[in-house]
Amino acid sequence: MEILRSIYEVAGFIVLIAFGVAALEGYFYYHFKCHDKPWFLPVALAAFPAAAVVAAAAVLGDYQFRLWFYFLAAEALIAAAFRYAIKGRHTVPYLLLAPAFVGLALLLVYPFVFEVYLSFHDLKLTTIMSWKNTGTLPFVGLRQYYDVFTTSPLSEVTFWALLLRTLVWTFTNVFFHVAGGFALALLLNNAIRFKGAYRTLLVVPWAMPQVVAVLAMRGEFHSQNGFVNIVISKLLEVFPFLASLGVAPVQWLSDYPLLTCTIINVWLGIPFMMVVILGGLQSISSSYYDAADIDGASYFQKLRFITMPLIKPVLMPAVTLGTVWTFNNINVIYLVTGQAGGTEQADILVSALYKAAFTYNRYSYSAAFALVVFALLFFISVTYLHGFDAAKEER
Amino acid sequence: MATVQFSGIVKKFGDNVVLNGVDVEIKDHEFVVIVGPSGCGKTTLLRMLAGLEEISGGEIRIDGLRVNELHPSKREIAMVFQDYALYPHMTVEENMSFALRLRKTPKAEIDARVDEAASILQLKSFLRRMPKQLSGGQRQRVAIGRAIVRKPKVFLFDEPLSNLDAKLREEMRVEIAKLYQRLNATILYVTHDQVEAMTLAGRIVIMNKGIVQQVGSPIEVYRKPANLFVAGFIGSPTMNFMHGTLRLEGEHLRFASGDIKLTIPPYLLHDPRKHDGREVTVGVRPDDVLVGRTAEGCSDKVDGVLEVCELLGHRENLYIKVGEQRLLATVEAFFDRSPGSAVTVCFNYKNMHVFDKATEARISE
């Protein structure tokens with residue numbers, strides 16, 4: 001009987017979604033079909049805000065006067081757009097796009113707008129109850145942004161130290177991703193046996209769920225039972241002189257957390273770059289290499305003068321993506337160093353942001369923090385894309 | 001400049017024999033065109049000379065020096081590729097000077113050589129451009145310029161005109177002919193286009209299925225094709241072939257193929273008795289098929305039906321059906337007969353070719 005109830009619930013949910021979509025389509029259909037009727041604006045402004053207020057009251061269980069105002073303003077905008085801008089053109093495409101677009105707006109636009117709203121107010125552990133009861137938050141202007149740059153999101157590390165650490169982390173990771181990916185792609189681009197098998201093996205870290213891969217690697221860095229330290233101690237037994245060079249098993253997770261995270265993330269990121277670069281290498285016509293052979297270029301000269309410039313248009317978007325992903329990579333750091341009470345030595349901006357929001361419950365502060373990180377990444381991406389355009393021009 | 005010798009060249013890809021014993025000798029200052037249908041191994045032969053393809057057997061010598069194991073850049077050759085292979089990220093000037101820069105040639109000399117090549121090829125105003133800003137013909141000239149700049153012993157052209165449209169191809173053909181007169185270099189030119197071969201070559205090497213079919217001057221291979229393949233490949237429109245048997249009737253050899261019956265004159269086949277009963281293929285070029293008034297004076301006339309006329313301007317192609325056999329005749333323009341009318345056909349015996357049916361080799365003089 002339990003299972004029957006689950007089925008009822010799922011079916012009910014599906015019906016609900018279907019009704020929602022139907023209502024949405026009917027709403028847009030009216031706007032498309034009646035935009036040029038003289039009674040279009042009055043009817044739209046009277047009917048839809050009223051319906052929306054009723055629906056909101058039914059769902060939320062309470063009624064607020066300002067809802068009228070919001071819905072009226074929204075409807076006025078939408079109706080005006082239909083009457084003066086869209087004018088009933090492309091009805092079918094818009095009707096087909098509408099559900100997806102509204103879904104996206106709910107998932108992306110609403111949280112973003114809410115985040116901006118939060119960043120100018122003060123939501124934290126001490127104000128959250130009053131927000132729940134009254135629905136209002138104290139407006140604080142730019143104070144949260146000021147705090148981002150002056151106070152620590154964690155217990156000791158400052159924003160600037162975190163920013164520096166993040167930049168170093170991003171640069172190191174992307175550098176080794178590209179270098180490792182390039183080397184492996186060059187090897188795989190030769191005519192070797194079992195190429196497919198090598199390629200599959202090399203792509204495994206990328207194909208595996210990141211959580212699984214990171215937790216497995218974290219185990220390997222365990223100070224006593226981890227693969228890394230075991231190999232180091234065995235090596236020391238065989239080559240005792242290594243000890244005089246300073247090689248010894250270390251407490252990876254507690255003494256060198258950032259280094260450990262970097263090694264793990266490099267391992268995780270190489271396959272993506274390898275696949276992208278391999279694709280780029282295979283798209284370079286072999287006649288360039290023939291011509292370079294006849295021109296007398298050595299292996300490294302071919303690499304320098306043919307491969308590098310021709311791989312650039314493929315590499316630039318991959319590096320942009322890789323930079324954003326690495327900059328935003330909370331998985332590796334969070335999973336390796338643990339959450340509350342863990343070390344702060346390995347935190348980068350986004351992991352500190354996560355801890356500020358959900359360990360220290362400073363919601364408005366972290367909203368401002370997130371917007372600052374967003375601005376940084378936006379700037380970095382635009383710079384990269386400019387470089388990418390220039391590279392494309394050249395080709 | 002230099003001589004090139006191919007002796008007993010064999011190329012295998014796995015079990016697939018692409019070239020089977022190629023022997024060709026190219027003299028100093030000679031323009032040799034290697035021609036053949038696609039897949040005949042001509043480009044492979046060129047790439048082996050360039051050092052881009054390993055040599056499975058035999059020997060290649062440039063100026064008497066065995067180059068089998070020599071790196072491409074040490075062979076002092078320059079190659080123009082079918083797709084030009086211009087480095088897309090370098091300007092025209094950088095493309096042309098790349099080889100010299102790699103060899104650390106002094107800057108002044110590089111500039112002088114690029115300048116010289118650019119003025120030969122009228123590329124001076126394009127030196128700062130990127131390859132993608134050039135038209136097909138200009139790219140072609142840059143590719144040739146890149147070869148000239150290096151002052152190689154041998155120029156290799158790998159189907160250089162096949163990516164151009166028909167009009168541009170004709171222009172570039174003349175350009176290459178002029179360039180050859182100016183450089184007076186040893187040139188090896190690969191093409192599948194027999195018109196390019198006939199117009200450019202000092203000597204033609206005709207290849208099929210990895211074997212050299214005939215080597216000779218354009219007029220030799222046109223007038224005296226060594227076998228059926230060469231006869232069919234060289235000349236446009238294609239030669240007419242008639243399969244039949246030779247019979248000795250009195251002193252003369254008679255050839256019979258369906259409704260077509262001809263006397264083979266003794267200057268074509270010297271010893272008539274020897275050929276009695278032989279299965280042969282007789283080849284006649286469309287120009288040597290005489291129709292209408294020009295056919296009136298002939299002895300062995302054949303009656304046929306005109307099927308299709310194609311007016312080309314100054315010439316006209318006539319497709320004539322004689323019994324089961326179709327013949328193509330090319331005549332002066334305005335052959336005033338409508339399709340379906342009966343025409344009289346005869347052949348110009350002097351330019352007739354007789355091939356053995358089994359060996360496909362030429363047996364007539």
Side-chain angles (χ1 to χ4, degrees), chain A residues 178 181-182 185-186 189-196 276-320 384-395, chain B residues 43-44 46-54 67 70-91 94-105 110 129-133 139 142-144 146-147 149-150 152-160 163:
Chain A
V178 172
F182 204 89
L186 282 178
N189 201 29
N190 293 328
I192 47 171
R193 293 216 289 165
F194 311 123
K195 196 152 103 179
V276 169
I277 293 171
L278 189 60
L281 286 180
Q282 283 168 351
S283 74
I284 300 178
S285 160
S286 67
S287 63
Y288 296 135
Y289 293 105
D290 287 345
D293 264 335
I294 290 177
D295 280 344
S298 67
Y299 180 81
F300 288 104
Q301 281 169 328
K302 278 190 272 185
L303 206 61
R304 160 88 184 73
F305 294 112
I306 313 287
T307 312
M308 294 284 201
L310 293 183
I311 207 87
K312 218 165 120 190
V314 183
L315 199 56
M316 285 308 287
V319 168
T320 312
Y384 267 126
L385 287 177
H386 268 288
F388 171 50
D389 277 348
K392 213 160 81 179
E393 247 343 90
E394 229 172 67
R395 188 162 172 144
Chain B
T43 295
T44 309
L46 197 73
R47 288 174 61 84
M48 284 162 88
L49 173 59
L52 302 173
E53 212 75 69
E54 255 178 76
V67 297
L70 220 54
H71 189 268
S73 62
K74 300 277 191 311
R75 300 187 183 194
E76 297 185 61
I77 44 107
M79 185 153 169
V80 177
F81 292 87
Q82 181 172 2
D83 58 358
Y84 320 137
L86 297 179
Y87 309 122
H89 53 290
M90 297 187 196
T91 63
E94 286 165 345
N95 260 292
M96 283 165 66
S97 61
F98 187 60
L100 299 181
R101 281 186 287 136
L102 287 179
R103 279 190 234 157
K104 307 245 185 309
T105 315
I110 294 181
R129 296 232 193 133
M130 294 311 235
K132 71 164 185 191
Q133 296 169 307
R139 284 182 209 181
V142 176
I144 296 173
R146 188 165 69 173
V149 163
R150 301 184 44 206
K153 284 182 173 176
V154 187
F155 284 92
L156 311 181
F157 288 83
D158 182 11
E159 310 217 13
N163 283 4

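The sequence lines fix the lettering, A, B, ..., with proteins before strands; numbering per chain opens at 1.
Contacts of B:R47 with chain A are made by side-chain atoms alone, with heavy-atom separations under 4.5 Å and no backbone atom involved.
Here A:A185 pairs with A:M274, A:I277, A:L278, A:L281 under the side chain to side chain contact (heavy atoms under 4.5 Å, CB included) rule; sequence neighbours left out.
In this structure, B:L52 and A:I294 have side chains that are in contact, with non-hydrogen atoms separated by less than 4.5 Å. B:P88 places a side-chain heavy atom less than 4.5 Å from the side chain of A:Y288. Here the side chains of B:R150 and A:D295 are in contact, with some heavy-atom distance below 4.5 Å.
Contacts from residues 72-80 of chain B to chain A, taken as heavy-atom pairs separated by less than 4.5 Å, involve B:P72, B:S73, B:I77, B:A78, B:M79 in sequence order. Heavy-atom neighbours of chain B within the stretch residues 299-308 of chain A, taken at a separation under 4.5 angstrom, comprise A:Q301, A:F305, A:I306.
Of all non-hydrogen atoms in A:L310 and B:H89, the two that sit nearest each other are CD2-ND1, 3.6 Å.
Heavy-atom pairs under 4.5 Å with chain B peak, among A:S285, A:A291, A:S298, at A:A291.
Pairs passing the salt bridge (Lys or Arg N to Asp or Glu O under 4.0 Å) check and including a residue from residues 77-89 of chain B, sequence neighbours excluded, do not occur.
Around the CD atom of A:Q282, the shell of radius 6.0 Å holds more than 12 heavy atoms that belong to other residues, nucleotides or ligands.
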